Structure formats: C-alpha cells, structure tokens
Enquirer: 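Let me give you the structure first, and then I'll get to my questions.
Please read these numbers as outputs of a predicted model, since none were measured by experiment.
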Amino acid sequence: MIFSLADFLLTGPFILIITISGLLTLISRGVQFRALSIAASIIKQSWRRTISSNVSLPPLGALAMAMSTTIGIGNMVGPIVAIGYGGPGTLIGFILGTILGSATTFTEVVLSIIYRKIRPDGSLSGGPMEYLREELGAFWAWIYAFFGFLLLVAWSSSQSNTLALLLQPYNISPTIAGLALAGAVLFILMRGVALIGKLSEVLVPIMFAIYSCTTLWIVIQNSEKLPDIFRLIWNSFFSPNMVVGAASGIGMSQVIRWGFARAVQTNEIGTGTGTFPHSITTASPKAQASLATIAIYTNGFLCVLSGLVILVTDAWKAPGAIFDISMFSKILTEYYGPWGNILLTACAFMFAFGTILGNCYNGSQCFLYVTENRWIKLYYAVTALSVFWGAIAKVSVVWSIADYFVIPVAVPHIIGLLIIALRRPSIFKLDINPVQMLKGK
C-alpha cells in the first residue's frame, strides 16, 4: 500500500523540485559550471589541512562529510530500482538531477554560511533553518527542521536495512547487525563532529575509488555495447512504451517518477540536508559552495556508472529479475568471482556507515533547532533505535517511507530557496579570489 501509493502521490512534487532547480540554474547563469575552477583551486591549496576544532571543519573536511551523506547505498540501489520500474531512460533523470541539482546545492550552501549563528556553547548553527527564518519567517524554518529530523532518521534506517541484508550470507542476523551498527553510531555521535569529519575524510576517498574502479572496469569490459546502450537510454526516455525487457510497457509518468525521484533522493536535491557540515566550515560562503558542487557531480557520476553496469551486462533483461542489491551482487560475482561479494560488502559497509554518520549529524542540527538546543542525548537514543529498526524491518517499507518524508522537506524548502535567490542575486557573483575565499574573507 505504502509502495504503490507513492507512484500516485510523488510524481508531481519531484517534477517541481527538478523544475525549480532548472530555474535556479538560469537565475545563477550556470553557477554550477562557473564554480568548478574555484573548487579546483581550493582543493589544491587545502588538500592536507586537518581538523583543529570540535565545532568547525576545514573546507575539505566539510566536503567529505557532505559527500558521505550523498554517496551511499542509494548510488548502488537507486539506479537499479529506477531502471526496474521506469526503464533505462531513468538514467537521464539522474543526469538532469546532477546538473540542475548542483545549482540548488550552491545556493543552499552560500545561504547557510551567510546566515549561520553562534550558539551559547560556541558551536555554529547553520543549515536551511537559519536562512528560512531570516528571509521567510520562523514557522517556515520550524517546519523544515521538524520534517528534516524525521527524513534524516528515515534515511539512516534505509542504509542500515541494506547493510543488514548484505551481511546475512555471512550468517550475521539482522538483529546482531542492527545492534552492532546502532552501538557504533551511538559511540561516534557522543564523540562529536570532529570525529565524524575525520572518519569522513578517510572513508569518502576510499569508498569512491573502490566503487568507481570496480564498476568502471565492468563497463570497459562491455564497451562495444555502449553506443547501443546510449541509444536505448535516449529512446527509453522519450518513447518508454517501446522498451523491451523487464521494464517493457512502462509509460512516461513512470520514467519521470522513478528517474527524478531517485535522482532527488541520491543527490538530496532541494532538501538542504547537505548544508549542515558546510555551514560550520572555515572557508567563505562562495568558496564552500563551489566545493559543494563537487559532491553532487561525484554522486551523479557513481549513479550513472551503476546504471550502466546493469544495462551493459543485460541484468535488467533477465527473466524474473529482482531489482535490488542482489542484482548487483550477481554481476560482481560473475566478473570478480568470490571477490565480488567481498567487494560489494566492503563498498556497502563504507557507503552505509559513512552515510548514517553524516545523516545523524545533520539530523541532530534539525533536532536541536526544534528543541531549542536541548535533549541531544534523547536524539542520540532515537537515532540508534532507528538504525536498529531499519536493520530488522522490511525493505519495501523502509525505502518507501523515506520517499514520503522527502516531500514536506524538499518542496517548501526549494520554493523558499527560489524566493530568496530572486531577492539576493548577488550570491551568484563569483568575483572573489579563491585564496581570499579559502581564508573565509
């Protein structure tokens, strides 16, 4: 019921999110492209910087933590589910989501740093709540924080769900996996943002390198099929009813619903959730926003790679194909033998654990806003319970619930973002030297 009703309710909101992302691209004159040279300069200058504070992060530390929330199990499962229910054309949704969503991310991050506040304990309070409150009113900000907290809890549950599923072949029960994961998350949360940032700086490059090399090799092995696959993707998007295979007979609404929905989910387009680590960085607003676009591009790259693997291996055409993580497991076993499941489990563990940590930190900022900086230990307990519940719950329930919580967060937020962008067009002017921006000037 939850799963099937989502098809009817969620298509329109996801189209709205992508449309407004396109408008932000036009208003900003393609800021996501203009910002790339600045991001490259900053990365060169700050690659080896370390975290020196428990309440703030250096630019790359913030980027790594933000990437850890976007790069996750969704990069594996999202394209598989999208192709299964919407056909190969849904990969165009991922590409559009990446290109347009990066403009939205730039806008969010600039505003989150400009409007951030200092709490009584000296920590920084940033994120969408601050600029929504200042520009649109306290109620708008409170609604975002309340539903944002619920969304991030749901996202953490979905990550633990897939990880527990992958550990079952190793005779690790979902209950044991859930308890271990919840305990580890609780321990790290109690240690503070600095530890999360340090872990993200280590995990993100490793998991990106392992997963991209693993999937890219499979695509290269089937490179002769790529011209036909690209034609299939294009034709499937504009003529979905002509598609053969497991996704035959689908309509344009399904292509849009699954392509855009999964693109929004994996890139966190319009949700503003990726702004929290960026808002406590030591760099200036436009410097960090330029870096933030990198997180969206790398995430989109991994999603397209995952989708291409499913298509070039013809796994999506197999009779009785099950469009979940098990499909990816079969492909990796075919190409890498016994090492296939080991690679998949290693990638999934790093993806899931990194994403859970990032989501937990982001959710804590929403929770603190709603409770006026109180009861943080209660939040830690709720988060640990949600991670445990996700490990033992049914897959369809966990992932469908996450779709519903995106809407009350992303739709009001991205509408507000458009209003603010129209009021403050100067935020898109990249007229500051990268060195000055890196120093927070």
Enquirer: Will you find, in the side chains of Y211 and S306, an N or O donor that is under 3.5 Å from an N or O acceptor?
Expert: yes
Enquirer: On a heavy-atom basis, which atom in L186 and which in A381 lie closest, and how many Å separate them?
Expert: CD1-N, 4.5 Å
Enquirer: Please step through ring pair (Phe, Tyr, Trp, His ring centres under 6.0 Å) for the pair F230 and W234, ending with a clear verdict.
Expert: CA-CA 6 Å; F230 291 141; W234 183 263; over 10 Å; no
Enquirer: Looking at H413 and G270, would you say the former's side chain and the latter's main chain have a donor-acceptor pair under 3.5 Å?
Expert: yes
Enquirer: CZ/F94 to CG/L305 distance, rounded to the nearest 0.5 angstrom?
Expert: 12.5 Å
Enquirer: Under 6.0 Å from the CZ atom of R29, do we count more than 12 heavy atoms belonging to anything else shown?
Expert: no
Enquirer: Quick one: does K286's side chain have a donor or acceptor within less than 3.5 Å of a partner on F428's backbone?
Expert: no
Enquirer: If we count only N and O atoms by modelled type, under 3.5 Å, do the side chains of Y115 and E135 hold a donor and an acceptor together?
Expert: yes
Enquirer: Let me confirm one number: the CZ-SG distance from F208 to C213, rounded to the nearest 0.5 Å.
Expert: 8.5 Å
Enquirer: Name the residue from L150, L152, V153 that meets the side-chain contact (heavy atoms from CB on, under 4.5 Å) definition with F405.
Expert: L150
Enquirer: Compute whether any side-chain donor of one residue and acceptor of the other, for S156 and S386, lie under 3.5 angstrom apart.
Expert: no
Enquirer: Is there a donor-acceptor contact under 3.5 Å linking the side chains of T271 and T273?
Expert: yes
Enquirer: Does any donor atom in the side chain of T25 or Q32 lie under 3.5 Å from an acceptor atom in the other side chain?
Expert: yes
Enquirer: When you compare the side chain of F149 with that of T371, does any pair of heavy atoms fall below 4.5 Å?
Expert: no
Enquirer: Would you say that I27 contacts L418 through its side chain, given a criterion of any heavy-atom pair below 4.5 Å between the two side chains?
Expert: yes
Enquirer: Check the orientation of F367 and Y379. Use parallel for under 30°, tilted for 30 to 60°, and perpendicular for over 60°.
Expert: tilted
Enquirer: Tell me if a side-chain donor or acceptor on Q365 pairs with a main-chain N or O of F276 at a distance below 3.5 Å.
Expert: no
Enquirer: Kindly indicate whether the side chain of K117, heavy atoms from C-beta on, has any atom under 4.5 Å from the side chain of E134.
Expert: yes
Enquirer: Drop me the distance from N359's CG to W155's CH2, to the nearest 0.5 angstrom.
Expert: 6.5 Å
Enquirer: In this structure, is the centre-to-centre distance between the rings of Y144 and W140 below 6.0 Å?
Expert: no
Enquirer: If you define the side chain from C-beta out and look only at heavy atoms, does anything of I233 sit under 4.5 Å from I92?
Expert: yes
Enquirer: Quick one: CD1 on I172 to OG1 on T345, what's the gap to the nearest 0.5 Å?
Expert: 9.0 Å
